[in-house]
Visitor: 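Please read through the structure below; I'll follow up with questions.
Position 1 is the first residue of the sequence; numbering continues from there.
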Amino acid sequence: MGYELVIFDNDGVLVDSEPLATTTPPGRELRPVPGVTEVLGELSALGLPYCVTSSSSRDQIRAEHGASGMGEWFEEEWIFSAEDVGQGKPAPDLFLHAADMMGVAPERCVVVDAGPLGVQAARAAGMAVLGFTSLVPAEQLAGATACFGEMKELSALLGLGG
């Protein structure tokens, strides 16, 4: 499909942390979303840049990545937080900031998000968006370019041939 940057949401897309948000103590048993490390490996092997955006703080993103083993996949300069911009989702600011910092035009980016606000923000930024239905049904991700339910489907949606 010719994407030049894949922008991942963090919670529910990279880190299987959303179900734990309502439990105490938080942060227990954090794991990568099943199949996501394989997708990141494919992107790395192909040299296709990717990054993470999140409404969480940078410290929380780093803590979740450390606890889940995702830290090895993301350089510091590939992590973008709502702290970096004036407005978080559903405003497009965070996605536009990430694209700018990664040096890619918004129309060449694709966002992978699991929430309605992320879908809205990506569309407002002029980006394609793939809705991951791990947390909410596809109907709540209206406006997504496509929706998928298992991470193993992402490679094909990205045109990686996986």
Side-chain angles (χ1 to χ4, degrees), residues 1-19 21 32-40 42-44 46-58 60-62 64-65 70 73-160 162:
M1 294 193 171
Y3 299 122
E4 295 175 15
L5 175 64
V6 181
I7 302 174
F8 290 93
D9 184 28
N10 191 55
D11 294 312
V13 173
L14 294 175
V15 179
D16 194 8
S17 56
E18 288 288 334
V33 166
V36 77
T37 56
E38 289 81 357
V39 173
L40 295 174
E42 285 184 67
L43 294 174
S44 296
L46 293 170
L48 183 59
Y50 61 87
C51 63
V52 59
T53 60
S54 177
S55 297
S56 300
S57 69
R58 276 184 177 277
Q60 184 175 348
I61 298 166
R62 279 195 294 266
E64 289 181 358
H65 283 196
M70 291 300 297
W73 293 100
F74 289 89
E75 302 290 335
E76 182 64 28
E77 60 268 20
W78 302 347
I79 299 172
F80 303 98
S81 164
E83 296 173 325
D84 299 331
V85 295
Q87 296 181 11
K89 303 171 191 177
D93 303 24
L94 182 55
F95 291 135
L96 292 172
H97 174 70
D100 182 55
M101 296 301 291
M102 297 292 288
V104 178
E107 63 272 12
R108 306 303 301 160
C109 298
V110 60
V111 173
V112 181
D113 208 294
L117 296 180
V119 171
Q120 290 176 36
R123 298 304 290 183
M127 299 177 180
V129 57
L130 302 174
F132 186 41
T133 59
S134 63
L135 302 175
V136 298
E139 302 81 57
Q140 291 186 32
L141 301 176
T145 309
C147 288
F148 65 105
E150 292 187 43
M151 199 53 70
K152 64 183 179 183
E153 300 171 65
L154 183 57
S155 294
L157 289 171
L158 291 173
L160 305 180

Visitor: So which heavy atom on Pro116 is nearest to which on Leu141, and how close?
Guide: N-CD2, 3.6 Å
Visitor: Atom OG1 of Thr145 and atom CE of Met127: how far apart are they, to the nearest 0.5 Å?
Guide: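 Answer rounded to 0.5 Å: 11.5 Å.
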Visitor: Taking the side chain as every heavy atom from C-beta outward, state whether Ile79 and Cys51 have any atom pair closer than 4.5 Å.
Guide: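 A side-chain contact is absent here, since even the closest heavy-atom pair is not under 4.5 Å.
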Visitor: Got a second to check how far Met151's CE is from Asp16's CG, nearest 0.5 Å?
Guide: 10.0 Å
Visitor: Which distance, rounded to the nearest 0.5 Å, do you find between the CZ of Phe148 and the CG of Leu154?
Guide: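 If we round to the nearest 0.5 Å, Phe148:CZ and Leu154:CG are 4.5 Å apart.
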Visitor: Could you report the tightest heavy-atom contact between Ala99 and Cys109, atom names first, then the distance?
Guide: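 So the minimum-distance heavy-atom pair works out to CB-SG, 3.8 Å.
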Visitor: Report yes if some heavy atom in the side chain of Val52 is under 4.5 Å from a heavy atom in the side chain of Met70; otherwise report no.
Guide: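 Of all side-chain heavy-atom pairs linking Met70 with Val52, none is under 4.5 Å.
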Visitor: Could you check whether any side-chain heavy atom of Phe132 comes within less than 4.5 Å of a side-chain heavy atom of Val33, counting everything from C-beta outward?
Guide: yes
Visitor: Would you name the heavy atoms of Ala128 and Arg123 that are closest together and state the gap between them?
Guide: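 Between these two residues, the closest heavy atoms are CA-NH1, 4.5 Å.
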Visitor: Would you indicate whether the side-chain heavy atoms of Ile61 and Ser81 approach each other to under 4.5 Å?
Guide: yes
Visitor: Within a strict 4.5 Å, meaning less than it, do heavy atoms of the Leu160 and Leu43 side chains meet?
Guide: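 Yes - at least one pair of side-chain heavy atoms lies under 4.5 Å apart.
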Visitor: Does the side chain of Val13 reach to within under 4.5 Å of the side chain of Ser134, using non-hydrogen atoms?
Guide: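 Val13 vs Ser134: side chains apart.
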Visitor: Which pair of non-hydrogen atoms, one from Pro49 and one from Met102, has the smallest distance, and what is that distance?
Guide: CB-CE, 4.3 Å
Visitor: Ring centroids only, cut at 6.0 angstrom: are Phe80 and Phe95 within range, meaning strictly under it?
Guide: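 Judged by ring-centre distance (under 6.0 Å), Phe80 and Phe95 do not meet the cut-off.
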Visitor: Go through the structure and list residues passing salt bridge (Lys or Arg N to Asp or Glu O under 4.0 Å) with Asp84, not counting sequence neighbours.
Guide: Arg58
Visitor: Tell me if a side-chain donor or acceptor on Ser54 pairs with a main-chain N or O of Asp9 at a distance below 3.5 Å.
Guide: no
Visitor: How close do Leu5 and Ala98 get, heavy atom to heavy atom, and via which atoms?
Guide: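 Scanning both residues, the minimum pair turns out to be CD2-O, 4.4 Å.
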Visitor: According to salt bridge (Lys or Arg N to Asp or Glu O under 4.0 Å), who are the partners of Glu150, at least two apart in sequence or on a separate chain?
Guide: Lys152
Visitor: How many angstroms lie between atom SG of Cys147 and atom CG of Leu130, to the nearest 0.5 angstrom?
Guide: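 Here the rounded value is 8.5 Å.
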Visitor: Considering only heavy atoms from C-beta outward, does the side chain of Gln140 approach that of Leu135 to under 4.5 Å?
Guide: no
Visitor: Let me confirm one number: the CD1-NE2 distance from Ile7 to His97, rounded to the nearest 0.5 Å.
Guide: 11.0 Å
Visitor: Could you report the tightest heavy-atom contact between Ala114 and Gly12, atom names first, then the distance?
Guide: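 Closest approach of Ala114 to Gly12: CB-O, 4.3 Å.
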Visitor: Roughly how far, to the nearest 0.5 Å, is CD of Gln120 from CG of Asp113?
Guide: 10.5 Å
Visitor: Measure the acute angle between the ring planes of Phe74 and Tyr50, then classify it against the limits of 30° and 60° as parallel, tilted or perpendicular.
Guide: perpendicular
Visitor: Which residue is it: Thr53, Val15, Leu40? I am looking for the one with a side-chain contact (heavy atoms from CB on, under 4.5 Å) to Phe8.
Guide: Leu40
Visitor: Kindly indicate whether the side chain of Glu64, heavy atoms from C-beta on, has any atom under 4.5 Å from the side chain of Asp11.
Guide: yes
Visitor: Would you confirm whether Arg108, through its side chain, and Gly2, through its main-chain N or O, come within 3.5 Å as a donor-acceptor pair?
Guide: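 Checked: pair present.
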